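This report concerns only the one structure given below.
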Amino acid sequence: MSNSHPRVLFFGMEGGFSALVLKALLDQLYPICALVVPASALAAKNGPAIQRREAPPVRRMQLPVLSSDPSLLQLAYAHRIPVWEALRLSSADAISPLATYEPDLLCVACFSQRLPRPLLALPRLAALNVHPSLLPANRGPVPLFWTFREGHAVSGVTIHALETSLDSGDIFAQRRFPVPAGISYHQLEMLAARQGGELLAQTIAKIAQGNAVRVPQDETKSSYHSFPETEDFVVQAEQWRVYHVYNFIQGVGIWDGPVSVHSGDYVLTTVQAISYTTDLAAFPDTNTVHDRKGLAWVRCLDGWVQLQVNSGLK
């Protein structure tokens, strides 16, 4: 093992975030000794704690992959990385086969199970997580939703040490970036993944060279959010700034909407915002909603937002 190329045990899930982070490490030639993914929903509850997932057979007449971005499993199979499906990581039967890889680093990028203490103690150098927020703000499973919900103009990614408590470990590195107007949840997630993958690769290099700096998180500035509830998709339009309303709907409407917009006597459901204006005089009367054949202009705190309305217009 070269100190500049420590062996990484990688934990992720099918989806763009994990795949882009793994690709960043592969692009830097970091050896990935194994990939661990959660067991599928079809896995029996009394099945093995962990089991190998073999690559599917290659068919000669197989159609070419049209996407330029391979999935997490496609990346693993293409680079001959062993894949394990984990059902119960708390079991010693799950940790034992992973320990045989003798990893230097354990890296997590979007994984649905908490890692127990014996697993966190497995790597020689560190156990790291890529978290798409500027910790200690927005700890929890879906921080990007709360980036939109809270109306942040700036977001970021954090590389931090994994602990048994969620998203609370020392920070190795952070990177800030603006949240572009009208960006979708998927687009922001991919932006965070690309930035996070690059930052993780840089952090691994510093750890291997022995010059990484760990900074404890400031608990007085911490915040935690769980998965959003129905009420978290409700917007009181006249209490929100128009840019916030526009970005929130554009961000989460298609991702897991619809969004319910309350304005005066109206309750509108929508998954898409079309445009907005900060000119409060754009509509001279006192009505809070103006219908335009399936579109609606809704008055906000400091302007008007135009929505594609699914229901709610009179």
Side-chain angles (χ1 to χ4, degrees), residues 16-17 131-135 137-157 176-193 195 221 223-314:
F17 190 89
H131 186 79
S133 83
L134 295 170
L135 292 174
N138 287 350
R139 294 172 176 171
V142 282
L144 292 181
F145 173 86
W146 302 100
T147 295
F148 288 111
R149 177 70 191 180
E150 295 174 347
H152 296 305
V154 175
S155 187
V157 290
R176 302 165 64 90
F177 50 78
V179 179
I183 192 171
S184 70
Y185 188 102
H186 175 73
Q187 290 169 332
L188 186 60
E189 184 180 39
M190 295 305 94
L191 173 59
Q195 298 283 346
K221 298 180 179 179
S223 60
Y224 173 85
H225 298 290
S226 187
F227 288 99
E229 304 286 347
T230 300
E231 58 266 26
D232 297 315
F233 289 86
V234 174
V235 171
Q236 300 292 342
E238 292 178 272
Q239 299 174 21
W240 286 35
R241 293 191 179 276
V242 66
Y243 180 82
H244 186 182
V245 175
Y246 174 78
N247 257 19
F248 178 66
I249 294 171
Q250 284 294 87
V252 307
I254 294 176
W255 172 69
D256 199 24
V259 174
S260 177
V261 180
H262 294 229
S263 182
D265 295 330
Y266 291 86
V267 178
L268 312 177
T269 60
T270 180
V271 297
Q272 184 177 11
I274 307 299
S275 61
Y276 68 93
T277 176
T278 55
D279 180 12
L280 276 172
F283 296 95
D285 56 47
T286 58
N287 291 337
T288 62
V289 174
H290 291 263
D291 180 13
R292 292 293 187 272
K293 297 181 179 179
L295 301 178
W297 282 97
V298 178
R299 190 170 68 197
C300 304
L301 183 64
D302 60 347
W304 296 80
V305 62
Q306 189 181 37
L307 309 178
Q308 178 73 55
V309 178
N310 297 351
S311 66
L313 289 175
K314 295 181 179 178

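All figures in this text were calculated on a predicted structure; none of them were measured in a lab.
- Taking every heavy atom of both residues into account, S275 and W297 meet most closely at OG-CH2, 3.5 Å.
- Residues A192 and V157 share a closest heavy-atom pair of O-CG1, 3.3 Å.
- Counting only N and O atoms by type, the side chains of S223 and H225 include no donor and acceptor under 3.5 Å apart.
- Counting heavy atoms from C-beta on, the side chains of V142 and F227 come closer than 4.5 Å.
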Full working for ring-ring contact (aromatic ring centres under 6.0 Å, His included) between F283 and W304: CA-CA 9 Å; F283 296 95; W304 296 80; 4.7 Å; yes

Audit row: R176, L134, side chain to side chain contact (heavy atoms under 4.5 Å, CB included) steps and yes/no: CA-CA 7 Å; R176 302 165 64 90; L134 295 170; 3.5 Å; yes

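- To the nearest 0.5 Å, atom OH of residue Y246 and atom OG1 of residue T277 are 12.5 Å apart.
- Within the 4.5 Å cutoff, side-chain heavy atoms of L188 are placed close to those of F177.
- Side chains of V259 and V271 form no contact here, defined as non-hydrogen atoms less than 4.5 Å apart.
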From CA spacing to verdict: side chain to side chain contact (heavy atoms under 4.5 Å, CB included), V242, T278: CA-CA 7 Å; V242 66; T278 55; 3.9 Å; yes

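- Using the six-membered ring where Trp is involved, F248 and H244 have ring planes that are perpendicular, over 60° apart on the 30 and 60° scheme.
- Each salt bridge (Lys or Arg N to Asp or Glu O under 4.0 Å) pair with one or both residues in residues 230-253, not counting sequence neighbours, appears once here: E238-R299, R241-D302.
- Using a 4.5 Å heavy-atom threshold, the side chains of I183 and F148 count as touching.
- Of all the heavy atoms in G303 and L280, the pair that sits closest is N-CD2, 3.4 Å.
- T270 OG1 to Q306 CD: the interatomic distance, rounded to the nearest 0.5 Å, is 10.5 Å.
- Looking at heavy atoms from C-beta onward, H262 lies out of side-chain contact with V235 at the 4.5 angstrom threshold.
- The CG atom of N247 lies 11.0 Å from the OG1 atom of T147; values are rounded to the nearest 0.5 Å.
- The shortest distance between side-chain heavy atoms of S260 and L268 does not fall below 4.5 Å.
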H152 and W146: CA distance, side-chain angles, deciding distance, ring-ring contact (aromatic ring centres under 6.0 Å, His included) verdict: CA-CA 9 Å; H152 296 305; W146 302 100; over 10 Å; no

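- Shortest non-hydrogen contact noted between A193 and F17 is CB-CD1, 3.5 Å.
- One finds the SG atom of C300 at 11.0 Å from the CD atom of Q239 (value rounded to the nearest 0.5 Å).
- Across all their heavy atoms, A273 and I249 have their closest contact at N-CG2, 3.6 Å.
- Residues that satisfy the ring pair (Phe, Tyr, Trp, His ring centres under 6.0 Å) test with W255, not counting sequence neighbours, are F145, Y185.
- The structure places OG1 of T269 at 4.5 Å from CG of N310, a figure rounded to the nearest 0.5 Å.
- Atom-to-atom distance recorded for Y276:OH and Q250:CD is 11.0 Å, nearest 0.5 angstrom.
- Between Q272 and L307 there is no side-chain heavy-atom pair separated by less than 4.5 Å.
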Check against side chain to side chain donor-acceptor pair (under 3.5 Å), S184 and H186: CA-CA 5 Å; S184 70; H186 175 73; over 6 Å; no

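- Pairing each heavy atom of S155 with each of P132, the nearest pair is OG-O, 4.3 Å.
- Put simply, the side chain of N287 never gets that close to the backbone of V289: no donor and acceptor are under 3.5 Å apart.
- Side-chain contact between Q308 and L295: present, with at least one pair of heavy atoms (C-beta onward) separated by less than 4.5 Å.
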